[in-house]
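Quick notes on the structure that follows.
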Amino acid sequence: MNTNNSNKQIFSLPEEELTDCEVLVMRVIWNSAEIMSIQEITSKINHTFHKDWKTQTVSTFLSRAVKKGYLEMKRNGRSFDYYPLVSEQEYGKREINKCVEIWSDGKLENLIASFSETNKLSEQEKMQIRRVINDMD
């Protein structure tokens, strides 16, 4: 089947958050141009994130993501296909906003200052950040 995930309708963010393990499963699905079987998802997670998860473990995380409203599950013969209902960008924006609220007193400048203290930015990265800020006007 040659179905691109980006062609699926994306819904609003569910209220219940994903666990770290569920995020790894979602990242594999978000980053795939093709619909993948659970075996392919398991293999990709284990390879990409250096895990040793069994198919049943991944199945549990997929089921939880479906129940929370992040994925849609459709039967395909004897197996299931999983389709994202939330985009990676949409989810990422919420996580960044949550990070700013929790760790930076709701102030983006505190987050940027903290980030720059712990991560050495190249001149090119600094220029890119300045461009983004300048384009906000």
So, taking the atom named [atom1] in [X] and the one named [atom2] in [Y], what distance separates them when rounded to the nearest 0.5 Å?
X     : Y     : atom1 : atom2 : result
Asp81 : Lys74 : CG    : NZ    : 9.0 Å
Asn76 : Arg78 : CG    : CZ    : 12.5 Å
Leu62 : Thr57 : CG    : OG1   : 11.0 Å
Met36 : Asn31 : CE    : CG    : 9.5 Å
Tyr82 : Met73 : OH    : CE    : 5.5 Å

Leu121 and Lys126 have their tightest heavy-atom pair at O-CE, 3.6 Å

Would you name the heavy atoms of Pro84 and Met26 that are closest together and state the gap between them?
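Shortest heavy-atom separation between Pro84 and Met26 comes out as CB-CE, 4.4 Å.
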
Could you name each residue pair satisfying ring pair (Phe, Tyr, Trp, His ring centres under 6.0 Å) that touches residues 55-76, not counting sequence neighbours?
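Found Trp53-Phe61, Tyr70-Tyr91.
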
Given the rule that I, L, V, M, F, W and Y join up when any side-chain heavy atoms are under 4.5 Å apart, are Val100 and Leu13 in one cluster?
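No, no single cluster joins them.
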
Salt bridge or not for Lys93 and Glu90, using N-O below 4.0 Å?
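No, no charged N to carboxylate O under 4.0 Å.
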
Is there a donor-acceptor pair closer than 3.5 Å between any side-chain N or O of [X] and the backbone N or O of [Y]?
X      : Y      : value
Trp30  : Gln89  : no
Ser32  : Ile29  : no
Thr118 : Phe115 : yes
Thr42  : Ile38  : yes

Residues two or more places apart in sequence or in another chain: which of them pass side chain to side chain contact (heavy atoms under 4.5 Å, CB included) with [X]?
X      : value
Arg131 : Met127, Gln128
Ile112 : Leu108
Ser122 : Gln124, Glu125
Glu15  : none

Check salt bridge (Lys or Arg N to Asp or Glu O under 4.0 Å) between Glu40 and all other residues, then give those that pass, not counting sequence neighbours.
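Residues passing salt bridge (Lys or Arg N to Asp or Glu O under 4.0 Å) with Glu40: none at all.
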
Applying salt bridge (Lys or Arg N to Asp or Glu O under 4.0 Å), name anything that partners Glu117, two or more places apart in sequence or on another chain.
none

Tell me the salt bridge (Lys or Arg N to Asp or Glu O under 4.0 Å) pairs involving residues 20-32, sequence neighbours left out?
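Residue pairs with at least one partner in residues 20-32: Glu22-Lys68.
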
Salt bridge (Lys or Arg N to Asp or Glu O under 4.0 Å) pairs, two or more places apart, involving residues 44-61:
Asp52-Lys54

Qualifying side-chain hydrogen bond (donor to acceptor under 3.5 Å, both in side chains) pairs, either residue in residues 98-110, two or more places apart
Glu17-Lys98, Glu95-Lys98

